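A short write-up of the structure that comes next.
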Amino acid sequence: MFRSKINRLLKSESPLDKVLVKGWIRTRRDSKSFSFIELNDGSCLENLQIIASDTLENYSQIKNLTTGASISVVGKMMESPGKGQKWELDATDIHVLGLSPENYPLQKKRHNDDFLRTIAHLRPRTNKYGATFRIRSELSFAIHKYFREKDFYYVHTPIITASDCEGAGEMFNITAFDLDNAPKVDGKTDFSMDFFGKEAKLTVSGQLSAEMLALALGNVYTFGPTFRAENSNTRRHAAEFWMVEPEMAFYDLFENMDLAEDFIKSLTSHILSHCSNDIKLFANFVDKNLLSRLEKTMTERFARITYEDAVKIINNSGRTFEYDLSFGKALQAEHERFLTEIYFGGPVIVYHYPKDNSPFYMRLNDDHRTVANMDILLPTVGEIIGGSQREERLDVLVSRMDELGLNQQDYWWYVDSRKFGTAPHSGFGLGFERMMMFLTGISNIRDVIAFPRTPKNIEF
RNA sequence: UCCCCAGUAGCUCAGUCGGUAGAGCAGAUGGCUGUUAACCAUCGAGUCCGCGGUUCGAGUCCGUGCUGGGGAGCCA
């Protein structure tokens, strides 16, 4: 017999004679001659109310079922005489698939996020985390849909890499050596004997590879896992996270910004229309300002200011900040929050940052002191996008690499792309989990990843 | 890595001045009831995070370690 999903059943226009559902019990209440069972199968936030009559042959067993138990139910779906739900399932047959003893950690009341993190294997069974992971799935789909409709190609870039990309960010080493017995030369590990014949790492970005594909296919994007071995202990950082990195041939910085802004608006709109019930949960219980913030993001144009103007605004704000700011200094978290949460009260694009402290691949501006890059800052989550127009001029690129002390040999193929048919191009990286945080109001990145990896945390 | 906070029943928490552990929820039993985190009664439930110290006596004070969280830095 075909198993129905609860999300489909609840949308039914008419009663159904015989349906089969399977799921987990959220709660059970007794009445005089029957028992109410709230069943959830993960297909939606809502439960299906099951009526289990005492005429069922295994009623004594059913009466002892507790929160968390899994069952299979055959019955007739009819209009519910009670308030609070349109449909209910009058069971003709209930099979118990798995019991849930009294020490089942999840109860029908609210738990806090700290505790749920310690039972990451069970928390998807709660309303909030079920909703989170359904939205995460839908957001992934929305990304592919967006780019497909714009004729971008989805490309896969290596997860194992030999170059340390931007030189920024600690990387995880990977090796096939037995670490207690690795070959050595002059006291140092001899990576020429290792699997790849040189030191290998987990990628921190697919950008350099994606550029090569953009310079062949036109517009491309990557969407995959990224790794940082930074000892970051914050609610916004994880050691393993997902990043979306579009890369577009013949785009300048401003076309790059236009795409990034449209992308964020489109994803927001997609989730609001396709996950409305799940989003309502977050609007009601997690963040009261969620809907107005998302609405504003979709309809209003993002503010755009240069880094230099940002510095002026901050210094003329009349506010005192912990860190002083002048040209050349990095915007601190407190400055970014001021811009996006207070001064503009919405998304802000800050562009043309100082050349110093910028990576070698960002295109040098004509003023020779700034580069053609941009960050997009969102209220509550901070930086969600970092992007730039890439340096396509061979001579400028090479002198920048020299300036920063990078070895050209390590990037020979990247430099090659500027020797043969070089072209202006641009791209950006969007932090997928930070987008999830923005859309749900969830304040900790550990709560938008099923099994998060952070320093000292790899339990699940 | 630095600064701050926390760790008590399966869960959420209380615990006064240092005097030997107590509520709600969950569970079990009984009652009531087309219920909505149902309700009422009864019962069982503890390595008070670990180690060391002060004290006649430590959940409580001191030191230290571990774990978790918040903020900062780094970034997406």
Side-chain angles (χ1 to χ4, degrees), chain A residues 26-38 46-53 63-68 78-85 88 90 100-119 122 126-127 165-170 204-207 223 225-245 260 321-323 330-337 357 359 375-378 381-387 428-438 443-449 454-457 459:
Chain A
R26 281 297 170 78
T27 175
R28 192 185 55 76
R29 296 178 288 273
D30 288 326
S31 188
K32 191 169 188 175
S33 58
F34 58 91
S35 194
F36 294 102
I37 298 172
E38 298 272 345
E46 294 73 27
N47 303 320
L48 179 62
Q49 177 162 286
I50 313 283
I51 307 299
S53 161
K63 240 189 131 183
N64 284 314
L65 288 173
T66 55
T67 301
M78 46 177 53
E79 284 198 39
S80 174
K83 289 175 194 162
Q85 62 281 317
E88 65 184 23
D90 192 8
S100 180
E102 64 195 40
N103 58 354
Y104 182 59
L106 291 173
Q107 297 167 29
K108 44 190 174 182
K109 64 172 193 166
R110 285 179 74 183
H111 295 282
N112 67 33
D113 294 325
D114 286 7
F115 168 67
L116 291 171
R117 246 170 250 152
T118 69
I119 50 166
L122 297 173
T126 64
N127 286 341
C165 240
E166 307 162 41
E170 294 295 313
V204 294
S205 163
Q207 179 199 320
F223 178 31
T226 306
F227 308 88
R228 302 280 162 91
E230 293 287 346
N231 188 20
S232 293
N233 290 286
T234 80
R235 59 187 186 81
R236 299 183 307 280
H237 292 87
E240 177 181 316
F241 62 98
W242 283 56
M243 198 154 54
V244 185
E245 295 181 284
F321 294 95
E322 197 180 335
Y323 292 86
L331 295 182
Q332 303 292 319
E334 55 175 349
H335 303 135
E336 295 185 345
R337 275 214 313 278
N357 306 322
D375 282 352
I376 300 188
L377 311 177
L378 294 182
V381 300
E383 184 180 343
I384 189 156
I385 278 180
F428 63 83
L430 173 135
F432 180 72
E433 280 79 9
R434 289 188 182 175
M435 191 65 198
M436 280 294 299
M437 293 165 75
F438 180 69
S443 59
N444 196 311
I445 199 169
R446 298 170 182 95
D447 299 332
V448 298
I449 302 174
T454 52
K456 301 280 188 292
N457 177 18
E459 180 70 22

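As the structure is a prediction and not an experimental result, all values here were calculated from the model. Numbered from 1 within each chain, the chains take letters A, B, ... in sequence-line order.
The ring-ring contact (aromatic ring centres under 6.0 Å, His included) check on Phe432(A) picks up Phe223(A), with sequence neighbours excluded. Under the side chain to side chain donor-acceptor pair (under 3.5 Å) criterion, Asn127(A) pairs with Arg26(A), not counting sequence neighbours. In this view, Tyr323(A) and Gln332(A), Glu334(A), His335(A) satisfy the side chain to side chain contact (heavy atoms under 4.5 Å, CB included) rule, not counting sequence neighbours. Residues passing the side chain to side chain contact (heavy atoms under 4.5 Å, CB included) test with Asp90(A) are Ile51(A), Met78(A), sequence neighbours excluded. Applying the side chain to side chain contact (heavy atoms under 4.5 Å, CB included) criterion to Thr118(A), with sequence neighbours excluded, gives Phe115(A). In this structure Phe36(A) satisfies the ring-ring contact (aromatic ring centres under 6.0 Å, His included) test together with Phe34(A), sequence neighbours excluded.
Look at Asn112(A) and you'll find a side-chain N or O under 4.0 angstrom from OP1 or OP2 of U12(B).
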For residues 237-244 of chain A, tabulate all N or O donor-acceptor pairs below 3.5 Å that involve a side-chain atom, not counting sequence neighbours.
from: His237(A); atom 1: ND1; to: Thr234(A); atom 2: OG1; distance (Å): 2.6

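Here Ile119(A) lies out of heavy-atom contact (under 4.0 Å) with every strand.
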Generate the contact string for nucleotides 33-50 of chain B. Rules: B means base contact, S means sugar-phosphate contact only, - means no protein heavy atom under 4.0 Å.
BBBBBS------------
Hey, what are the protein-to-nucleotides 67-69 of chain B N/O distances that come in under 3.5 Å?
from: G69(B); atom 1: OP1; to: Arg117(A); atom 2: NH1; distance (Å): 3.3
from: G69(B); atom 1: OP1; to: Arg446(A); atom 2: NE; distance (Å): 3.2

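Considering only the side chain of Met243(A), A76(B) comes nearest among C11(B), U1(B), A76(B).
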